[in-house]
A.B. asks: 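This is the structure, below, for whatever I ask next.
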Amino acid sequence: KEKIRSGMEGDVNRVEWVKKTLKELPNGFKILDVGAGEQRFKNFCLHLEYVSQDFGKYEGKGDNKGLQTREWNQGEINIISDILKIPVPDGSFDAILCTEVFEHIPEPTLAIKEFSRILKKGGHLILTAPFASGVHFSPFYFYSGFSKYFYEEFIIRNGFEVVEIKSNGNFYQYLAQEISRLPFILRTYEKERLRFWEYPILLLNILILKRLSKKGNSSAEFLCFGFFVRAIKK
């Protein structure tokens, strides 16, 4: 079964960055994991007061188009609500974590506004989203990704100071990831398989891209997996 996060390099990078960033938060901070899904980062929040939120409508199969997880076990979510109307008072949280959610909500700019409302002054926003992505978790999929200019515009507009915007991977790594999906895409959509002699060519292309990716991260300005963002509410 094709899993969205089946060993892809971008996801490995993301998990390491989120783990490191959460570890830096002071003990006892009250954090809201927005769009928590399966709450995969809950174990990184043992030193925090962890609260989860999700809209609670995705069950793993979606509409059976694009990439789906097939299985989805989100456990007990603390708050089931619309991301734009989270039923908590203003300034309820010291930190908000929101990872790979923005592409799945119709109005992400309004979500940033809601984050600003429920964060305390000086509160931390920890955010990741793709810069480019294929269809996944449909029909709850609305955007293919967000550039760094999106964050610089809308995070600042909603009363935050940007602390970090870091690219996840680069052009070569992203291209290698998508080429590696080729057998799956071919089986799924064309009901065909690569010919035996095409596999070495596929592997050779991936190896070339892996080598080029070590040249540096400047190609991320053109294309990458996504961005890691940290901001502080003013």
Side-chain angles (χ1 to χ4, degrees), residues 2-6 8-11 13-15 17-18 32-38 40-41 53-69 72 74 80-86 96-118 125-160 162 164-171 173-175 177-178 181 184-185 188-189 219-231:
E2 182 75 5
K3 277 278 190 177
I4 302 300
R5 52 179 184 264
S6 57
M8 294 299 182
E9 192 169 4
D11 187 65
N13 298 340
R14 185 184 312 110
V15 170
W17 182 84
V18 171
L32 181 64
D33 188 354
V34 179
E38 294 185 306
R40 66 187 305 217
F41 297 113
Q53 180 277 341
D54 200 88
F55 78 142
K57 295 180 180 179
Y58 183 69
E59 43 30 87
K61 296 181 181 179
D63 60 4
N64 286 313
K65 298 184 185 300
L67 295 177
Q68 306 285 354
T69 62
W72 190 252
Q74 62 184 25
I80 300 291
S81 73
D82 187 327
I83 196 172
L84 305 185
K85 297 179 181 179
I86 301 174
I96 286 176
L97 172 66
C98 184
T99 62
E100 308 304 288
V101 173
F102 271 24
E103 71 270 33
H104 301 295
I105 54 179
E107 298 176 287
T109 57
L110 296 183
I112 298 174
K113 183 178 180 180
E114 179 70 346
F115 295 169
S116 181
R117 180 187 73 81
I118 66 178
L125 175 61
I126 302 167
L127 174 65
T128 79
F131 181 36
S133 65
V135 173
H136 59 284
F137 291 16
S138 59
F140 308 109
Y141 178 84
F142 304 101
Y143 301 93
S144 62
F146 303 86
S147 73
K148 68 176 183 178
Y149 306 107
F150 170 86
Y151 303 110
E152 290 172 346
E153 176 67 25
F154 292 104
I155 287 181
I156 292 173
R157 184 186 293 187
N158 284 281
F160 289 93
V162 175
E164 177 183 19
I165 299 180
K166 179 181 179 181
S167 62
N168 179 6
N170 56 43
F171 169 78
Q173 290 171 318
Y174 184 86
L175 193 56
Q177 171 185 275
E178 296 310 307
R181 291 194 207 268
F184 166 75
I185 297 297
T188 302
Y189 295 103
S219 63
E221 294 183 0
F222 178 71
L223 182 64
C224 61
F225 298 123
F227 289 95
F228 305 147
V229 181
R230 290 190 300 130

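Numbers here are sequence positions counted from 1. What you see is a predicted model; the values in this text were computed from it and never measured.
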A.B. asks: Quickly, which of Thr99, Ile155, Leu97, Ile96 forms a side-chain contact (heavy atoms from CB on, under 4.5 Å) with Leu127? Name it, please.
C.D. replies: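 Exactly one candidate clears the test, Ile155.
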A.B. asks: Can you name the side-chain hydrogen bond (donor to acceptor under 3.5 Å, both in side chains) partners of Ser138, sequence neighbours left out?
C.D. replies: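 Partners of Ser138 by the side-chain hydrogen bond (donor to acceptor under 3.5 Å, both in side chains) criterion, ordered by chain and then number, come out as Asp63, Gln68.
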A.B. asks: Could you measure the distance from the OG atom of Ser219 to the CD atom of Gln173? Nearest 0.5 Å is fine.
C.D. replies: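 It comes to 8.0 Å.
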A.B. asks: Tell me, please, which residues at least two apart from Phe142 pass ring pair (Phe, Tyr, Trp, His ring centres under 6.0 Å).
C.D. replies: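 With neighbours one apart ignored, the set is empty.
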A.B. asks: Compare every heavy atom of Tyr174 with every heavy atom of Cys224, then report the nearest pair and how far apart it is.
C.D. replies: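 Reported closest heavy-atom pair: O-CD1, 3.9 Å.
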A.B. asks: Quick check for you: to the nearest 0.5 Å, what is the distance between Phe41 atom CZ and Thr128 atom OG1?
C.D. replies: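 The distance works out to 6.5 Å.
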A.B. asks: List the residues meeting ring pair (Phe, Tyr, Trp, His ring centres under 6.0 Å) with Phe150, not counting sequence neighbours, and say none if there are none.
C.D. replies: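 Applying ring pair (Phe, Tyr, Trp, His ring centres under 6.0 Å) to Phe150 gives Phe146, Phe154.
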A.B. asks: Looking at Phe131 and Ala220, what are the two nearest heavy atoms and their distance?
C.D. replies: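 Here Phe131 and Ala220 meet closest at CE2-O, 4.4 Å.
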A.B. asks: Output the distance between atom OH (Tyr141) and atom CD (Glu103), rounded to the nearest 0.5 Å.
C.D. replies: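 That separation rounds to 7.0 Å.
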A.B. asks: With no hydrogens and no angle check, is any side-chain donor or acceptor of Ser116 less than 3.5 Å from a backbone partner on Asn158?
C.D. replies: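 It does hold such a pair.
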A.B. asks: Has the side chain of Asn168 got a donor or acceptor atom that lies under 3.5 Å from a matching backbone atom of Gly10?
C.D. replies: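 Judged by distance alone, yes, a pair lies under 3.5 Å.
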A.B. asks: Nearest 0.5 Å please: distance from the CZ atom of Phe225 over to the CZ atom of Phe171.
C.D. replies: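 Between atom CZ of Phe225 and atom CZ of Phe171 there are 11.5 Å.
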A.B. asks: Restricting to side chain to side chain contact (heavy atoms under 4.5 Å, CB included), what partner residues turn up for Ile156, sequence neighbours left out?
C.D. replies: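 With sequence neighbours excluded, Ile156 shows a side chain to side chain contact (heavy atoms under 4.5 Å, CB included) to Val162, given in chain and number order.
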A.B. asks: By side chain to side chain contact (heavy atoms under 4.5 Å, CB included), which residues pair with Ala111, not counting sequence neighbours?
C.D. replies: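 Per chain and number, Ala111 pairs via side chain to side chain contact (heavy atoms under 4.5 Å, CB included) with Ile83, Leu84, Phe102, Ile105, Phe115.
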A.B. asks: Taking the side chain from His104 and the backbone from Phe140, do they hold a donor-acceptor pair closer than 3.5 Å?
C.D. replies: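 Yes: the side chain of His104 pairs with the backbone of Phe140.
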A.B. asks: For Ser167, what residues pass the side-chain hydrogen bond (donor to acceptor under 3.5 Å, both in side chains) criterion, not counting sequence neighbours?
C.D. replies: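 Expected list: Asn217.
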A.B. asks: Among residues two or more places apart or on two chains, list those pairs meeting salt bridge (charged side-chain N to carboxylate O under 4.0 Å, His left out) that have a residue in residues 147-159.
C.D. replies: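 Found Glu153-Arg157.
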A.B. asks: My understanding is that only residues two or more places apart in sequence, or in another chain, count here; which of them pass ring pair (Phe, Tyr, Trp, His ring centres under 6.0 Å) with Phe228?
C.D. replies: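 Ring pair (Phe, Tyr, Trp, His ring centres under 6.0 Å) list for Phe228, sorted by chain: Trp17.
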A.B. asks: Taking only residues two or more places apart in sequence or in another chain, which ones pass side-chain hydrogen bond (donor to acceptor under 3.5 Å, both in side chains) with Glu178?
C.D. replies: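 Checked Glu178 against side-chain hydrogen bond (donor to acceptor under 3.5 Å, both in side chains); matches are Arg181.
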A.B. asks: Taking Ser133's backbone N and O only, do any of them form a donor-acceptor pair with Ser144's side chain (distance below 3.5 Å, no angle check)?
C.D. replies: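 No; zero donor-acceptor contacts below 3.5 Å.
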A.B. asks: Sequence neighbours excluded, which residues qualify as salt bridge (Lys or Arg N to Asp or Glu O under 4.0 Å) partners of Glu114?
C.D. replies: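 Checked Glu114 against salt bridge (Lys or Arg N to Asp or Glu O under 4.0 Å); matches are Arg117.
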A.B. asks: Look at the rings of Phe137 and Tyr58 and say which category their plane angle falls in: under 30° parallel, 30 to 60° tilted, over 60° perpendicular.
C.D. replies: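 Phe137 and Tyr58: parallel rings.
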A.B. asks: Kindly compute the distance separating CG (Leu125) from CD1 (Ile112), expressed to the nearest 0.5 Å.
C.D. replies: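 Reported to 0.5 Å precision, the distance equals 7.5 Å.
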A.B. asks: Please name the pair of heavy atoms, one in Tyr143 and one in Pro106, separated by the smallest distance, quoted to 0.1 Å.
C.D. replies: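 Heavy-atom minimum between the residues: OH-O, 2.5 Å.
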A.B. asks: Can you tell me how far the CZ atom of Phe227 sits from the CD atom of Glu164, to the nearest 0.5 Å?
C.D. replies: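 It comes to 12.0 Å.
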A.B. asks: If we ignore hydrogens and angles and just use 3.5 Å, is the side chain of Gln53 paired with the main-chain N or O of Ser81 as donor and acceptor?
C.D. replies: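 It does hold such a pair.
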A.B. asks: Return the set of residues passing side-chain hydrogen bond (donor to acceptor under 3.5 Å, both in side chains) with Arg14 (not counting sequence neighbours), or none when no residue passes.
C.D. replies: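 Applying side-chain hydrogen bond (donor to acceptor under 3.5 Å, both in side chains) to Arg14 gives Asp11, Glu100.
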A.B. asks: Taking only residues two or more places apart in sequence or in another chain, which ones pass ring pair (Phe, Tyr, Trp, His ring centres under 6.0 Å) with Tyr149?
C.D. replies: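 Here no residue qualifies.
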